[in-house]
Novice: 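Below you will find the structure I want to go over with you.
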Amino acid sequence: MAKVQLEAIDKEVANDTHGVPGVQALTRGIQIVDAVAAEARGLRFTELLDQTQLPKGTLHRLLQALVDERLLAFDTRDQVYRLAPRLFQWAHKVWDNFDLRGAAEPELARLRDLTGEAIRLGVLDGDSVLYIDQREVPQPLRLNNGVGSRAAPHASGLGKAILAHLSLEKRRALLDGIELERLTPNTIVNPEELSRQLDLTKARGYAVSVDEQHIGISSVAAPVLNHRGEPIGAIGIIGPSFRLPVDRLHAFGRDVIEAARRTSGNFGEFAMSLAVKPRPLGPDRADVRCVIPASTFLGEGPHWSPEHKKLYFVDILAPAVHTGDPVKGTYTSMQVPELIGFVIPRSRGGFVAAMHGEVRGIDLATGDITTIARPEADRPGNRFNDGKCDRRGRLWAGTLAIDTTPDQGRLWRVDPDGRTREMDRGFHVSNGLGWSPDDRTMYFTDTNRQTIYAYDFDLESGEIANRRPFIVVPEAEGKPDGMTVDAEGFLWIAHWDGWCVTRYDPDGKVERVVHLPVPRPTSCVFGGPDMQTLFVTSARIRLSAAQLAEAPLSGSVFAIDTGIKGQAAQMFAG
């Protein structure tokens, strides 16, 4: 059947084929499979017709041939084409014969030439990391850490990169079976502290080791992941600490992630973006000001306090709570031990924050941290991201898998008495929240689905219903991140990798776009003496040195003079 169809199709495309019969049809078939693979939900016939620009008859016969050969499957419920089991069978055979050293070879050389430092490729072998390949610099490290040597997984960059991406069960089993030996004063030997460090590594996508394996030697490494998202090795940059200070290690984080992805064919964490769209043309806007120069890895969760005239915000990936003064352009910081998503003042004093999978109380004056609720206790691989309070002082916050596994995120409500309730689930990257001025609609963002959802909202009961897509942001415009809603009911949304904040009207139509001098704005909130200033946080994580040179203010806080009054951010009533 497939052979007959292929011959028929080949005749249809023969007028632009001058090589071996069937080649053009084969090429078209591969393009169709590639298009379907790029869309997780599958593609309808009309969508494939639009993407391929093939005649209807040709496309129909190609699809039927692909279905007959079990390369595609047609879902009659959704009327979409999806990948079929035969491709997965092929994929397993590819990975069974995967040559890690051969695949990594060009990346090791590229990283050495880029950084001028030694590059190592390692695998987990028993309870240690075994170096299986390397690329040296003219003056190699005078340490016994070349090919065939081993490193402690808890003290090396490559080891921590691999440990962080193991399943929690495998990680615990391995660490329970080894002694966390203190190799230097900087080696982490406390299991809880190491666990927090590994979660942070997983969220960043790369591991950093500073004087932990050997005094005077530092490294940064990223895992090579297979098609299941499991670490099969790691690639690291290793060099003298005086040449690799902490800032430079983090700057190379993006480069080791990219090398690891190229090695494995870009498998792994797709939600962790590396590509940045070009900066929009034109001069900087006069109504956009940098009011708090900073270098946050992932600035997020801004909250304006009219009482204190301060802007509170967090750095998720260098975990800290920042207290900013936009008038003076300064800020103070309180370091916290775990990933933190947001910080919000409490009516009783102090603050409520999301740290890892828990809701905590924080006293910035004393540094005391207490636990209010543990909603994600059954999913230790999840963490909280963004959160806001409604007008009754209930906290709403979303979660996501640290390794960005799809559909693991949930939306939680935390009442002032500390009781928690799961309100919705199945999100990829939970993000910005907001409410309409009449409190009849709640908005909630799933960044990786490019979608802002709307719910019917009942202020008195705290119930939501009727979730529906409200805005779907085109990928060319970046990813929707944090948001706020102004007093006129318009949504202001920060576009990660989009260089902008967009204002949407209550019907979801674009009203204006405000371009920023940074590619990764993360969230926004209204504040200032007249509540007409939009404060915007930003990130510098995984930006290359060239990208940071183009956008040196990445990680800072910006102010936009909107001329529009915003809604005040609410405190937690507990």
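Just so you know, these numbers come straight off a predicted model, no measurement behind them.
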Novice: Can you name the closest pair of heavy atoms from Met442 and Phe457 and give their distance?
Specialist: N-CB, 3.9 Å
Novice: Got a second to check how far Thr451's OG1 is from Lys479's NZ, nearest 0.5 Å?
Specialist: 10.0 Å
Novice: Can you confirm whether Arg419 is buried at CZ, in the sense that more than 12 heavy atoms of other residues, nucleotides or ligands lie under 6.0 Å from that atom?
Specialist: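 No.
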Novice: When you measure from the side chain of Gln450 to the backbone N and O of Gly478, does any donor-acceptor pair fall under 3.5 Å?
Specialist: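 The answer is yes, because a donor-acceptor pair under 3.5 Å joins these two groups.
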Novice: Given 3.5 Å as the limit, does a donor-acceptor pair link the side chain of Asn226 with the main chain of Gly229, or not?
Specialist: yes
Novice: Taking the six-membered ring where the residue is Trp, are the ring centres of Phe313 and His322 under 6.0 Å apart?
Specialist: yes
Novice: Stepwise, does the ring-ring contact (aromatic ring centres under 6.0 Å, His included) test hold for Tyr453 with Phe470?
Specialist: CA-CA 5 Å; Tyr453 295 103; Phe470 177 64; over 10 Å; no
Novice: Regarding Asp390 and Trp435, do their side chains bring together a donor and an acceptor under 3.5 Å, going by distance alone?
Specialist: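 Checked: Asp390/Trp435 side chains show no N/O donor-acceptor pair below 3.5 Å.
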Novice: Between the side chains of Arg248 and Glu117, is the shortest nitrogen-to-carboxylate-oxygen separation below 4.0 Å, so that they form an ion pair?
Specialist: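 Salt bridge present between Glu117 and Arg248.
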Novice: For the CD atom on Gln335, are there more than 12 heavy atoms of other groups (residues, nucleotides or ligands in this structure) within a distance under 6.0 Å?
Specialist: yes
Novice: Quick one: side chain to side chain contact (heavy atoms under 4.5 Å, CB included) partners of Thr371, sequence neighbours excluded?
Specialist: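 Expected list: Glu358, Arg360, Arg374.
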Novice: Nearest 0.5 angstrom please: Tyr504 OH to Leu491 CG, how far?
Specialist: 9.0 Å
Novice: Is Thr447 reaching over with its side chain to a backbone N or O of Pro480, donor-acceptor style, under 3.5 angstrom?
Specialist: yes
Novice: Hey, are Glu258 and Arg254 close enough for a salt bridge, meaning a charged N less than 4.0 Å from a carboxylate O?
Specialist: yes
Novice: With rounding to the nearest 0.5 angstrom, report the CG to CG distance, Asp456 to Asn466.
Specialist: 4.5 Å
Novice: Check the pair Ser195 / Arg171 against side-chain contact (heavy atoms from CB on, under 4.5 Å), numbers first and verdict last.
Specialist: CA-CA 9 Å; Ser195 180; Arg171 183 201 298 179; 4.0 Å; yes
Novice: Are Arg172 and Asp176 close enough for a salt bridge, meaning some N to O gap below 4.0 Å?
Specialist: no
Novice: Any chance you could lay out the salt bridge (charged side-chain N to carboxylate O under 4.0 Å, His left out) test for Glu212 and Lys160, step after step, and finish with the verdict?
Specialist: CA-CA 11 Å; Glu212 294 179 42; Lys160 290 196 290 184; 3.0 Å; yes
Novice: Nearest heavy-atom pair of Val129 and Gly159: which atoms, and what distance?
Specialist: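 Closest approach of Val129 to Gly159, heavy atoms only: CG2-CA, 3.5 Å.
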Novice: For the residue pair Leu411 and Phe427, establish whether any side-chain heavy-atom pair is separated by less than 4.5 Å.
Specialist: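 Answer yes - side chains close enough.
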Novice: Identify the heavy atoms of Ser523 and Asp386 that sit nearest to each other, and give their distance.
Specialist: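 So the minimum-distance heavy-atom pair works out to OG-OD2, 4.3 Å.
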Novice: Taking Glu107 first and then Arg110, would you say they form a salt bridge - that is, a charged N and a carboxylate O separated by under 4.0 Å?
Specialist: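 Counted as a salt bridge, because a side-chain N and a carboxylate O are separated by less than 4.0 Å.
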Novice: What I want to find out is whether Asp199 reaches Arg383 closely enough, with some N-O distance under 4.0 Å, to be called a salt bridge.
Specialist: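 Judged by the 4.0 Å cut-off on N to carboxylate O distance, Asp199 and Arg383 do not form a salt bridge.
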Novice: Does Asn190 reach the main-chain N or O of Glu193 with its side chain, forming a donor-acceptor pair under 3.5 Å?
Specialist: yes
Novice: Do Ile369 and Met355 come close enough that some side-chain heavy atom pair is under 4.5 Å?
Specialist: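 They are in side-chain contact.
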Novice: Thinking salt bridges, do Arg421 and Glu463 make one under a 4.0 Å N-O criterion?
Specialist: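 Counted as a salt bridge, because a side-chain N and a carboxylate O are separated by less than 4.0 Å.
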Novice: Would you call Arg410 and Asp424 a salt bridge, using N to O less than 4.0 angstrom?
Specialist: no
Novice: Kindly say whether Ile119 contributes a backbone atom to a donor-acceptor pair with the side chain of Arg112 at under 3.5 angstrom?
Specialist: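 Not at all, since once roles are kept as given, no pair shorter than 3.5 Å links the two residues.
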Novice: Would you say the rings of Tyr206 and Phe252 are close, in the sense that their centroids are separated by under 6.0 Å?
Specialist: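 No: the rings miss the under 6.0 Å criterion.
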Novice: If every non-hydrogen atom of Ala161 is compared with every non-hydrogen atom of Pro223, which pair is closest and at what distance?
Specialist: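 Taking every non-hydrogen atom into account, O-CB, 3.8 Å.
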Novice: Can you name the closest pair of heavy atoms from Ser538 and Val518 and give their distance?
Specialist: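 Looking at all heavy atoms of both residues, the closest pair is CB-CG2, 3.9 Å.
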Novice: Carefully, step by step, assess Leu249 and Ser218 under the rule side-chain contact (heavy atoms from CB on, under 4.5 Å).
Specialist: CA-CA 8 Å; Leu249 289 173; Ser218 295; 3.9 Å; yes
Novice: Going by salt bridge (charged side-chain N to carboxylate O under 4.0 Å, His left out), Asp497 matches just one of Arg542, Arg279, Arg520, Lys277. Which one?
Specialist: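 The residue from Arg542, Arg279, Arg520, Lys277 that satisfies salt bridge (charged side-chain N to carboxylate O under 4.0 Å, His left out) with Asp497 turns out to be Arg520.
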Novice: Who are the side-chain hydrogen bond (donor to acceptor under 3.5 Å, both in side chains) partners of Thr502, not counting sequence neighbours?
Specialist: His495
Novice: Under 3.5 Å, is there a donor-acceptor pair between the Thr522 and Asp481 side chains?
Specialist: no
Novice: Heavy-atom count check: over 12 atoms from other residues, nucleotides or ligands less than 6.0 Å from Lys170 NZ?
Specialist: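 Not buried by this count: 12 neighbours or fewer within 6.0 Å.
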Novice: What's the verdict on side-chain contact (heavy atoms from CB on, under 4.5 Å) for Arg503 and Val513, showing C-alpha distance, side-chain angles and the deciding distance?
Specialist: CA-CA 6 Å; Arg503 187 186 192 225; Val513 177; over 6 Å; no
Novice: Of all heavy-atom pairs between Gly398 and Phe444, which one has the smallest distance, and what is that distance?
Specialist: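 Here Gly398 and Phe444 meet closest at CA-CZ, 4.2 Å.
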Novice: What's the separation between atom OG in Ser556 and atom CD1 in Ile292, rounded to the nearest 0.5 Å?
Specialist: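 Ser556 atom OG to Ile292 atom CD1 measures 9.0 Å (nearest 0.5 Å).
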Novice: Starting from the C-alpha separation in whole Å, work towards a yes-or-no answer on side-chain contact (heavy atoms from CB on, under 4.5 Å) for Thr445 and Leu433.
Specialist: CA-CA 7 Å; Thr445 303; Leu433 300 100; over 6 Å; no
Novice: Identify whether the distance between the nearest side-chain nitrogen and carboxylate oxygen of Asp75 and Arg82 falls below 4.0 Å.
Specialist: yes
Novice: Could you measure the distance from the CZ atom of Phe384 to the CD1 atom of Ile340? Nearest 0.5 Å is fine.
Specialist: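 Going from the CZ atom of Phe384 to the CD1 atom of Ile340 covers 12.5 Å.
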Novice: Assess the side chains of Ser209 and Ser156: does a donor N or O sit below 3.5 Å from an acceptor N or O?
Specialist: no
Novice: Between Thr399 and Glu376, is a side-chain hydrogen bond (donor to acceptor under 3.5 Å, both in side chains) present by the stated rule, with each step listed?
Specialist: CA-CA 8 Å; Thr399 62; Glu376 289 285 334; 3.0 Å; yes
Novice: Supply the atom-to-atom distance Leu200 CG to Arg204 CZ, rounded to the nearest 0.5 angstrom.
Specialist: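 The CZ atom of Arg204 is 4.0 Å from CG of Leu200, to the nearest 0.5 Å.
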